[in-house]
Amino acid sequence: GAVVSQHPSWVICKSGTSVKIECRSLDFQATTMFWYRQFPKQSLMLMATSNEGSKATYEQGVEKDKFLINHASLTLSTLTVTSAHPEDSSFYICSASTTGSYGYTFGSGTRLTVV
Amino acid sequence: SQQGEEDPQALSIQEGENATMNCSYKTSINNLQWYRQNSGRGLVHLILIRSNEREKHSGRLRVTLDTSKKSSSLLITASRAADTASYFCATASQNAGKSTFGDGTTLTVKP
């Protein structure tokens with residue numbers, strides 16, 4: 001079945017630094033990838049939608065200059081949290097879908113802790 | 001507000017009992033999916049039901065969809081302690097193609 005690999009699974013960084021999270025579709029071409037954020041004991045909030053080769057579409061309230069998304073190929077999307085602050089600490093999850101499919105495959109998530 | 005809203009928010013049952021979770025949504029959908037999430041982990045896709053389907057089964061899971069009421073239910077039969085997790089419904093809209101998640105139901109199955 002479709003597999004999405006997300007890396008790293010956890011990361012601790014200092015305030016002010018940037019962190020890059022990768023999301024790869026291993027056995028299918030992901031025309032669209034989604035990035036979600038989840039706070040403890042809460043649901044997933046969609047941050048942005050990215051289509052291969054074009055700019056990401058951000059949800060209202062999400063700072064596009066802070067959360068940089070790149071979807072340069074059909075198998076890789078990256079989320080870079082720039083100048084991270086403790087309030088950016090969260091669980092980030094990507095998902096991917098391909099043209100014509102109805103379902104989405106999720107990565108295993110990245111736990112970001114900013115100290 | 002969230003497109004999907006699950007209830008109950010938390011459910012605690014004994015092993016062997018059935019667990020029913022409900023999800024309501026607001027707008028027209030293309031499909032609805034149920035996911036499971038163990039604490040601190042990613043989401044695992046359980047089942048997808050299309051807008052033209054009313055019921056679907058997968059092992060011990062049974063999902064219903066009532067588009068007139070904009071609601072869905074997930075039934076887990078003969079629950080096991082290993083079913084302890086959070087369960088989310090997600091709707092894919094007809095236009096946007098993105099999924100919107102409900103708040104989730106935290107299920108605890110006591111051995």
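A note on names: the letters A, B, ... follow the listed sequences, proteins ahead of strands, and every chain is numbered from 1. Owing to the predicted nature of the structure, the values given are computational and were not obtained by experimental measurement. These numbers come from the heavy atoms of this one structure, side chains and all, not from hydrogens, waters or symmetry mates.
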Quick check on A:Q6 against chain B: is it the side chain, the backbone, both or neither that has a heavy atom closer than 4.5 Å?
neither
Among all residues two or more places apart in sequence or in another chain, which pass the side chain to side chain donor-acceptor pair (under 3.5 Å) test with A:S25?
none
Is it the case that one hydrophobic cluster holds both [X] and [Y], taking links as side-chain heavy atoms less than 4.5 Å apart, direct or via other members?
X	Y	answer
A:L46	A:M33	no
B:W34	B:L75	no
A:Y58	A:I21	yes

Using modelled atom types and a 3.5 Å cut-off, is there a donor and acceptor pairing between side-chain atoms of A:S43 and backbone atoms of B:G102?
yes
Show the nearest heavy-atom pair for residues B:F88 and A:Q42, with the distance to one decimal.
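In terms of heavy atoms, the two residues are closest at CZ-O, 4.0 Å.
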Give me the atom names and distance for the closest heavy-atom approach of A:F106 to B:L43.
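Looks like CB-O, 3.8 Å.
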Does atom [atom1] of [X] have more than 12 heavy-atom neighbours from other groups under 6.0 Å away?
X	atom1	answer
A:K20	NZ	no
B:H57	NE2	yes
B:R60	CZ	yes
B:E17	CD	yes

Which of residues 60-90 of chain A have a heavy atom under 4.5 Å from any heavy atom of chain B?
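At a heavy-atom separation under 4.5 Å, chain B is reached by no residue of residues 60-90 of chain A.
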